[in-house]
Amino acid sequence: MTTVSSLVAIGLLGGLITGISPCVLPVLPVILLSAGAQGVRSDDEEDSGGFASRFHPYLVVTGLVVSFTVFTLLGSTLLSLLHLPQDLIRWIGIVMLALIGLGMMVPKVMETLERPFSRFQRFGGSKNPSNGFLLGLVLGAAYVPCAGPVLAAVAVAGATGRIGVDTVALAVSFAVGTAIPLLAFALAGRGITERIRAFRTRQRAIRVTAGVVMLGLAVALVLDAPAALQRRLPDYTASLQARTDSLLHGDSTGACRPGATALGDCGPLPAIDGAVAWINTPSNQPLTQHDRAGKVTLVDFFAYSCINCQRSIPGIEKLHETYAASGLQVIGVHSPEYAFEKEVDNVRGGVESLGITYPVAVDSNLVTWTNFDNHYWPAHYLADAQGNVRQTHIGEGGEAATEKLVRELLTQANPKATLPAPVFSEANDDAGTNSPRTPETYLGSDRASGFAQGTLHKGRHSFSFPSRLQADTFALDGTWKVEPQSIAPAEGKGRLRLSYRGKQVNLVVSGEGDLTWTVNGKTRTTHISGVPNGMELVRTDEVGSGELELEASPGLQLYSFTFG
């Protein structure tokens, strides 16, 4: 049994890792610039000790840690007791962040905002109190970082009301651990301002700049822009998080060890129940046992604001698109990490923006989470057609290994089944590979990436190929109808040109019509018929680069390219 002292050590470690992870990047400019705007003392403040200025970084970090810890532990429970929307705290935090940004530019606004917090800021007789503690409180309420294993344990305990000594010890130690690197960043910002003359002589300009950055962060949080940035960054703390997880939950061994590449026998699939809503099902009704009978099932736990989940969901969606017609049932279980993720409308919006088309159970009360004894976002459980769990996986990656096991189980369920070509290669699972490979390329307007002709907007548009293509981009020729998830020829055949890197090119396509593609001087044509499915267009023994041109007849819908 883990002792309280061990939990404190684990919490400190988890907090330290989170404090240096990509999750903190969006708040760093605010912390650094706010220190710059407050870090230089006037002559009067120097005479009086300048407490507020010297201690500004400590106040910012203290406020952030206090609010984040309290809201994580108690926010959901308090809002439920008061019958208030679960996303109220976050929206109040965003509004207050914008007001503080305005206050940095208009001193009278800041004076009004700071008045309730003056007792925290007027120690030592300072005549120029800092807004540090208030700013920290607001950042903690508005900003949501990634969930490592420690924060996941704390968040779930808070959401379910199971708060005990162990949970408090984890929460407080995690907060202290996170505070250490954040404080180092804040002190570094103050140190820079004290050494650069421009910061001393242009305090007004620095304060206005800090205000603009805070307003920008508030707008970015509303638009979910920090998440888009974090999805593009590598998770350089993943291995450290995994080690913390093993300390907190213990190591699993054998064929049922998470991430195992062979099928095991891990017991019956727990019940998926207690959902407050269902999404992407007929009439939004729950899936029944009859709906799932005889199907290979992949259950994926996620939270829509979790960055790691956002990175892994395209792979889950790809498996659904490729194998649903062959007997795979993918079920997403949305288990909230934070209070605002309990709101069904928020979840519905998150599911839509992530491009999820498979059924999703909204597990706002964490009933299914508890049934599975799950501890992670993301995590998936793969079960055979008889309802027995055969493999589990936590975190990002592993798509090729999961696909291999899905194909084995589908073949076991129906030995006569003809499966589509694999859409993932082992190269996708090799975290250490340095081979250049074009990233997954989406063609619909919602998530279009790598489009060489500007921004791809929904609607009917005519295009002409550019004279040349840069690597990892695509271009269109002819008239195309652009939908949120796909593109389709609108007048006669449409052409697409793709410049790629890798040794495998796959396309997700659906509808009824002919698809012709040319690569390395070789042309092939195939007839497409049916629901969205993955097909292999290119496979070579070595990683290389090339240009592929395809022609799609009317009646086809093209969704995305993946590369091995």
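These values consider heavy atoms only, across backbone and side chains, with no hydrogens, waters or symmetry-generated copies.
Checking side-chain atoms of Asn520 against main-chain N and O of Lys522 turns up no donor-acceptor pair under 3.5 Å. Between the side chain of Asn365 and the backbone N or O of Val367, no donor-acceptor pair lies under 3.5 Å.
What you find for Ile394 and Ala379 is that their closest heavy atoms are CG2-CB, 4.1 Å. Residues Met535 and Ile528 come closest through the heavy atom pair SD-CD1, 3.6 Å. When all heavy atoms are compared, the tightest approach of Ala383 to Gly387 is CB-C, 4.3 Å. Looking at every heavy atom in both residues, Lys493 comes nearest to Ser553 through CG-CA, 4.0 Å. The two residues Asn506 and Pro422 have their closest heavy-atom pair at OD1-O, 3.8 Å. Closest approach of Pro314 and Tyr442 over heavy atoms only: CB-OH, 2.8 Å.
Between the side chains of Tyr381 and Asp300, no donor N or O sits under 3.5 Å from an acceptor N or O. In the model, Asp273 has a side-chain atom that pairs as donor or acceptor with a side-chain atom of Asn371 under 3.5 Å. A donor atom on one side chain and an acceptor atom on the other are not found under 3.5 Å apart for Tyr500 and Glu547. Looking at Thr473 and Ser499, their side chains never bring a donor and an acceptor atom within 3.5 Å of each other.
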* To do: Report the C-alpha separation of Val423 and Val508 in whole Å, then their side-chain angles, then the decisive distance to 0.1 Å, and conclude whether the side chain to side chain contact (heavy atoms under 4.5 Å, CB included) test is met.
  => CA-CA 9 Å; Val423 292; Val508 176; 5.7 Å; no

* Begin with the C-alpha distance, continue with both residues' side-chain angles, and end with the deciding distance and a verdict on side chain to side chain donor-acceptor pair (under 3.5 Å) for Gln329 and His320. => CA-CA 7 Å; Gln329 174 71 76; His320 164 67; 6.0 Å; no

* side chain to side chain contact (heavy atoms under 4.5 Å, CB included) evaluation trace for Leu469 with Arg497 -> CA-CA 8 Å; Leu469 280 181; Arg497 191 173 289 166; 3.7 Å; yes

* To do: Show your working on side chain to side chain contact (heavy atoms under 4.5 Å, CB included) between Leu382 and Val389 and close with a plain yes or no.
  => CA-CA 6 Å; Leu382 177 62; Val389 178; over 6 Å; no

* To do: Apply side chain to side chain contact (heavy atoms under 4.5 Å, CB included) to Leu537 and Leu548, showing your working.
  => CA-CA 9 Å; Leu537 303 181; Leu548 177 149; 4.0 Å; yes

* From CA spacing to verdict: salt bridge (Lys or Arg N to Asp or Glu O under 4.0 Å), Glu491, Arg460 -> CA-CA 10 Å; Glu491 292 180 2; Arg460 187 187 180 102; 2.9 Å; yes

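Thr516 pairs in a side chain to side chain donor-acceptor pair (under 3.5 Å) with only one of the listed residues (Thr526, Thr525, Thr523), which is Thr525.
The closest side-chain heavy-atom distance from Arg407 to Lys404 is not below 4.5 Å. Taking 4.5 Å as the limit, some side-chain heavy atom of Leu496 sits within range of a side-chain heavy atom of Phe561. Counting heavy atoms from C-beta outward, Gln391 and Thr402 have side chains that approach closer than 4.5 Å. Between Phe301 and His380, the closest side-chain pair of non-hydrogen atoms is not below 4.5 Å. In this structure the side chain of Gln557 never reaches within 4.5 angstrom of the side chain of Gln485, judged on heavy atoms. Taking the side chain as every heavy atom from C-beta outward, Val482 and His461 approach each other to under 4.5 Å. Looking only at side-chain heavy atoms (C-beta outward), Leu550 and Leu515 come within less than 4.5 Å of each other. By the 4.5 Å heavy-atom criterion applied to side chains, Tyr559 and Leu507 are not counted as neighbours.
Residue pairs meeting the ring pair (Phe, Tyr, Trp, His ring centres under 6.0 Å) criterion with at least one member in residues 465-495, sequence neighbours excluded: Phe451-Phe474.
Not counting sequence neighbours, the partners of Lys481 by the side-chain contact (heavy atoms from CB on, under 4.5 Å) test are Glu483, Ala490. In this view, Phe302 and His334 satisfy the ring pair (Phe, Tyr, Trp, His ring centres under 6.0 Å) rule, not counting sequence neighbours. In this view, Ser545 and Arg501 satisfy the side-chain contact (heavy atoms from CB on, under 4.5 Å) rule, not counting sequence neighbours. Take Ala293 and apply the side-chain contact (heavy atoms from CB on, under 4.5 Å) test, not counting sequence neighbours, and it matches no residue.
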Throw together a table of side-chain donor-acceptor distances under 3.5 angstrom for residues 274-283, partners on residues two or more places apart or in other chains.
unit_1	atom_1	unit_2	atom_2	d
Asn280	ND2	Ile356	O	3.0
Asn280	ND2	Tyr358	O	3.0
Thr281	OG1	Gln285	N	3.1
Thr281	OG1	Gln285	O	2.7

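In this structure, Asn346 CG and Glu341 CD are separated by 8.5 Å, a value rounded to the nearest 0.5 Å. The structure places CG of Leu366 at 5.5 Å from OG of Ser335, a figure rounded to the nearest 0.5 Å. The structure places CG of Leu298 at 5.0 Å from CD1 of Ile316, a figure rounded to the nearest 0.5 Å. Note that NE2 of His527 is 8.0 Å distant from CG of Leu556, once rounded to the nearest 0.5 Å. Put simply, OG1 on Thr297 and CG on Asp384 are 8.5 Å apart, with the number rounded to the nearest 0.5 Å. Atom OG of Ser364 is separated from atom CH2 of Trp369 by 13.0 Å, given to the nearest 0.5 angstrom.
Heavy-atom neighbours of Glu352 CD from other residues, nucleotides or ligands within 6.0 Å: at or below the threshold of 12.
Ion pairing between a basic and an acidic side chain is recognised when a charged N comes within 4.0 Å of a carboxylate O; Glu343 and Arg348 show no such pairing. Salt-bridge formation is not detected for the pair Glu551/Arg495: no Lys NZ or Arg NE/NH1/NH2 atom is positioned less than 4.0 Å from an Asp or Glu carboxylate oxygen. Electrostatic pairing of Lys503 and Glu542 does not count as a salt bridge here, judged by no charged N lying under 4.0 Å from a carboxylate O.
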